[in-house]
Amino acid sequence: SGDNTAAIGYIDDAAILAWGNTTKETCKKLENALEKANCWAKTHASKFAPEKFQLTHFTRRRTRTDVQHPVQTTWGCITPKTTCKYLGVTLDSKLQWKEHIEEIKRKTTKTVNALCSLGSSTWGISLLDMRKIYRGVVVPQMMYACSIWSNSGMRGKPYTRKTLDSLQSIQACAARIISGAFKATSRVALDIETYLLPVEQQIGKHNTETLSRILSCQDLPKLLDTQFGELRSRQRASYDSPLYNIYRDAEEKGAANLDRREIIPPFVAAPWWQGPKTHIAPSDEAARSEHDSVTRVEGNICIYTDGSSID
């Protein structure tokens with residue numbers, strides 16, 4: 001990173017981000033970054049795949065910005081496109097996520113249609129198994145990168161009503177397959193009968209869990225406290241980050257006590273490391289009996305969670 005340029009990678013997928021006042025400036029920075037990456041690859045026995053290179057200019061301006069400016073590299077000329085894909089997320093040049101939502105609809109619709117071949121209300125696998133498959137396959141597809149696309153609107157505006165309606169129709173279709181209900185059954189009734197969390201609440205749950213994971217990092221909360229403090233001091237902000245929108249929504253709803261967060265430092269574990277053996281008692285009475293027998297032995301160390309109600 002440096003010179004208004006940042007690079008990130010996950011296994012064999014890498015991305016370089018450059019920001020500046022013009023596309024000519026950002027393309028020059030990308031060219032320099034790619035030249036450094038090429039030198040690194042030669043000394044680390046690595047090789048890039050130029051046919052997979054993608055270039056997208058992220059801007060909402062169209063009159064004063066040359067969005068067709070290419071990047072010249074040793075592998076050839078990389079022409080810009082309106083969309084690119086990284087780690088399963090489709091990013092469009094305006095960062096309005098319409099293409100990503102369409103991809104979600106395509107994937108989830110295909111999975112829900114495949115659910116029909118597994119059974120119905122009178123044959124095939126049971127209702128509970130169908131519901132388990134939906135929650136384990138379709139819901140993760142639907143909520144993938146939800147913390148980004150559901151909080152990327154200008155001036156804190158969330159996802160559009162059209163996006164919510166599209167996702168609700170997919171869940172309603174799946175609920176009809178699971179329960180065998182009529183097509184005229186309302187979406188609210190289907191969610192209640194199949195014990196499925198409504199899409200709008202599912203988005204809020206996913207965002208809150210994402211915020212909780214980020215705030216539990218060791219060094220990131222200090223940076224976020226500074227960022228949030230600067231954003232609070234501004235009376236009118238033209239754009240707020242998705243993370244700040246989630247943070248503000250959690251504060252307004254009182255969904256979490258953000259001032260009493262637990263910091264969980266990361267650590268490196270060997271591949272052969274195994275965690276402690278876990279045993280869950282079948283009932284409350286058995287748990288109390290096992291607890292009393294363990295505490296009677298001198299030298300045993302008992303660690304209690306917040307849900308144990310034991311101080």
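Below, all heavy atoms of this structure are taken into account, side chains as well, without hydrogens, waters or symmetry copies.
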Do any N or O atoms from the side chain of [X] and from the backbone of [Y] form a donor-acceptor pair under 3.5 angstrom?
X	Y	value
Thr295	His291	yes
His100	Val89	no
Thr111	Lys107	yes
Asn113	Thr109	yes
Ser212	Thr208	no

Taking a hydrophobic cluster as the set of Ile, Leu, Val, Met, Phe, Trp and Tyr residues connected by side-chain heavy atoms closer than 4.5 Å, whether directly or through intermediates, do [X] and [Y] fall within one such cluster?
X	Y	value
Met143	Leu87	yes
Ile11	Ile8	yes
Val137	Ile178	yes
Leu17	Trp40	no
Ile177	Ile125	yes

Do [X] and [Y] come close enough that some side-chain heavy atom pair is under 4.5 Å?
X	Y	result
Thr73	Ile78	yes
Tyr144	Ile104	no
Ile170	Val112	yes
Trp97	Leu91	yes
Ser93	Thr59	no
Val199	Leu164	yes
Asp92	Thr82	no
Val139	Thr108	no

Please report the interatomic distance [atom1]([X]) to [atom2]([Y]), rounded to the nearest 0.5 Å.
X	Y	atom1	atom2	answer
Thr79	Gln54	OG1	CD	11.0 Å
Ile133	Arg131	CD1	CZ	12.5 Å
Ile101	Leu167	CD1	CG	6.0 Å
Lys94	Thr56	NZ	OG1	14.0 Å
Lys205	Thr210	NZ	OG1	11.5 Å
Met130	Leu115	CE	CG	4.0 Å

(request) Apply side-chain contact (heavy atoms from CB on, under 4.5 Å) to the pair Cys84 and Phe58, showing each step before the final yes or no. (result) CA-CA 10 Å; Cys84 64; Phe58 298 107; 4.0 Å; yes
Are there more than 12 heavy atoms of other residues, nucleotides or ligands under 6.0 Å from atom [atom1] of [X]?
X	atom1	result
Glu51	CD	yes
Glu290	CD	yes
Tyr86	OH	yes
Glu193	CD	no

Locate the shortest heavy-atom distance separating [X] from [Y]; write the atom from each residue and the value.
X	Y	value
His57	Gln68	CD2-N, 4.5 Å
Ala33	Ile16	CB-CG2, 3.9 Å
Thr26	Gly20	CG2-N, 3.3 Å
Ala18	Lys29	CB-CB, 4.0 Å
Leu196	Ala175	CD1-CB, 4.3 Å
Ala145	Trp149	O-CD1, 2.9 Å

(message) One thing to verify: whether Lys28 and Glu25 come together as a salt bridge, which I'm taking to mean a side-chain N less than 4.0 angstrom from a carboxylate O.
(response)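 Answer for the salt bridge query: no.
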(message) Less than 4.0 angstrom from a charged side-chain N to a carboxylate O is my criterion; do Asp165 and Arg187 meet it?
(response)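 Salt bridge flag = yes for Arg187 with Asp165.
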Is there a donor in the side chain of [X] and an acceptor in the side chain of [Y], or the other way round, less than 3.5 Å apart?
X	Y	value
Tyr134	Gln171	yes
Asp292	Ser289	no
Asn207	Ser150	yes

(request) Could you walk me through whether Lys105 and Glu102 pass the side-chain contact (heavy atoms from CB on, under 4.5 Å) test, one step at a time? (result) CA-CA 5 Å; Lys105 290 167 59 179; Glu102 291 297 325; 3.5 Å; yes
(request) Name the orientation class of the two ring planes belonging to Trp75 and Phe48 (parallel below 30°, tilted from 30 to 60°, perpendicular beyond 60°). (result)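 Ring orientation of Trp75 relative to Phe48: perpendicular.
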(request) Walk me through it: do Arg176 and Leu190 pass the test side-chain contact (heavy atoms from CB on, under 4.5 Å)? (result) CA-CA 7 Å; Arg176 292 187 183 97; Leu190 288 169; 3.6 Å; yes
